[in-house]
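Quick caveat: nothing in here was measured; it's all calculated off a predicted structure. We use all heavy atoms of the structure for the numbers below, so side chains are in, but hydrogens, waters and symmetry mates are not.
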Amino acid sequence: MPRILKRFITTNPKGRVLDSKTERLVDDGRGRTNVTVRQLKKRCPNCFAYVEESQIRGQCDFCHHRLCCERCATKCQICSRMLCSDCRRGFAGDRLFTVCPICLRRLQSRQSFVDQQTIHNLTLQRHARHQQELARFRAQQLQAARLRMSGKLQMARLNMQARIAANRENRRRKMALARLISYAQRYL
């Protein structure tokens, strides 16, 4: 039984084996051939999935302890560091980010500054609205006082006219009474 064994090895420039694949061809002598392909797979130390050697991307750029494969390696969306699952953090601000702890602190400090500015602006807007409402209230008070004053003046005018009219009427009555008395004295 002849056996043919082929081995394909992929290495990096430093000589580290990235991928190893073997093919075994077996002929049983009756014309039947059997091909067995084996590929070297490792467990990813980060996510514990079986991956090929070529799928391992390298160490985490933040902690430098864990190797990461294609499935579990993520990049910081701010500084592009490769992160393992322990080092990656999430940030929910204006947008959602996957970030490293250093960029997370920076984003949180920037977000707190933006929040302080927003609170300050809201306070200024509230104060300006309060001042506008206060000015509007004072204007309404002045308008009401003006209307009261004009009403009082109008009433005084009407009272004066009524007094004048009443005085005229009293004078007429007095004159008419005086005439009656003078006529009565003449004829008596």
Side-chain angles (χ1 to χ4, degrees), residues 10 12-14 16-19 39 41-171:
T10 308
N12 66 2
K14 293 181 180 178
R16 181 174 161 230
V17 176
L18 296 176
D19 190 19
Q39 196 158 3
K41 289 196 173 188
K42 282 186 168 181
R43 267 196 154 184
C44 174
N46 194 16
C47 65
F48 302 108
Y50 283 103
V51 293
E52 298 175 11
E53 242 345 280
S54 61
Q55 290 179 335
I56 293 183
R57 293 289 169 230
Q59 287 183 341
C60 172
D61 290 335
F62 187 74
C63 66
H64 302 291
H65 293 297
R66 293 191 170 210
L67 290 173
C68 302
C69 66
E70 285 180 348
R71 298 170 78 190
C72 62
T74 55
K75 282 195 170 189
C76 176
Q77 292 178 338
I78 306 296
C79 64
S80 299
R81 287 186 179 122
M82 187 170 64
L83 302 170
C84 64
S85 60
D86 286 343
C87 295
R88 71 177 173 223
R89 304 284 188 265
F91 179 75
D94 297 336
R95 294 185 338 190
L96 298 175
F97 290 112
T98 300
V99 293
C100 63
I102 293 172
C103 293
L104 178 66
R105 272 186 250 119
R106 289 180 186 156
L107 285 171
Q108 285 173 340
S109 65
R110 185 171 71 182
Q111 187 66 36
S112 68
F113 177 74
V114 168
D115 291 344
Q116 287 172 356
Q117 289 297 319
T118 304
I119 289 170
H120 181 69
N121 290 341
L122 288 174
T123 305
L124 288 177
Q125 289 174 359
R126 188 180 320 126
H127 182 68
R129 264 187 268 132
H130 178 69
Q131 292 298 322
Q132 289 172 353
E133 291 295 323
L134 192 61
R136 190 176 300 126
F137 179 70
R138 287 180 181 158
Q140 288 174 350
Q141 282 181 334
L142 287 174
Q143 181 69 23
R146 190 176 308 126
L147 287 174
R148 278 195 304 272
M149 185 61 72
S150 67
K152 286 180 182 178
L153 288 173
Q154 186 70 22
M155 282 181 61
R157 259 190 242 129
L158 289 174
N159 283 339
M160 283 298 274
Q161 288 175 359
R163 282 184 188 166
I164 291 171
N167 286 341
R168 281 185 195 154
E169 188 66 31
N170 284 338
R171 275 191 224 132

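- With sequence neighbours excluded, the residues satisfying side-chain contact (heavy atoms from CB on, under 4.5 Å) with E169 are R172, R173.
- Nearest heavy-atom pair across M82 and Q59 is CE-O, 3.0 Å.
- Taking each heavy atom of R89 and C100 in turn, the nearest pair found is CG-C, 4.5 Å.
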Exercise answer: donor-acceptor pairs, residues 123-133 side-chain atoms, under 3.5 Å, sequence neighbours excluded:
from: T123; atom 1: OG1; to: I119; atom 2: O; distance (Å): 2.8
from: E133; atom 1: OE1; to: R136; atom 2: NH1; distance (Å): 3.3
from: E133; atom 1: OE2; to: R136; atom 2: NH1; distance (Å): 2.6

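- The local environment of CZ in R106 is sparse, with at most 12 non-hydrogen atoms from other residues, nucleotides or ligands closer than 6.0 Å.
- D86 meets the side-chain contact (heavy atoms from CB on, under 4.5 Å) test with R66, C84; sequence neighbours excluded.
- Every residue two or more places apart in sequence or in another chain that forms a side-chain hydrogen bond (donor to acceptor under 3.5 Å, both in side chains) with Q111 is listed here: D115.
- The only option from C87, P101, C103 that meets the side-chain contact (heavy atoms from CB on, under 4.5 Å) definition with C76 turns out to be C103.
- Atom CE of M149 is separated from atom CG of L153 by 6.5 Å, given to the nearest 0.5 angstrom.
- For residues 143-154, the set of pairs meeting the side-chain hydrogen bond (donor to acceptor under 3.5 Å, both in side chains) definition, not counting sequence neighbours, comprises Q143-R146, Q154-R157.
- By the side-chain contact (heavy atoms from CB on, under 4.5 Å) test, R88 pairs with T74, L83, S85, T98, sequence neighbours left out.
- To the nearest 0.5 Å, atom CG of residue L122 and atom CD of residue Q117 are 11.0 Å apart.
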(request) Step by step, work out the side-chain contact (heavy atoms from CB on, under 4.5 Å) result for I102 and F62. (result) CA-CA 9 Å; I102 293 172; F62 187 74; 3.7 Å; yes
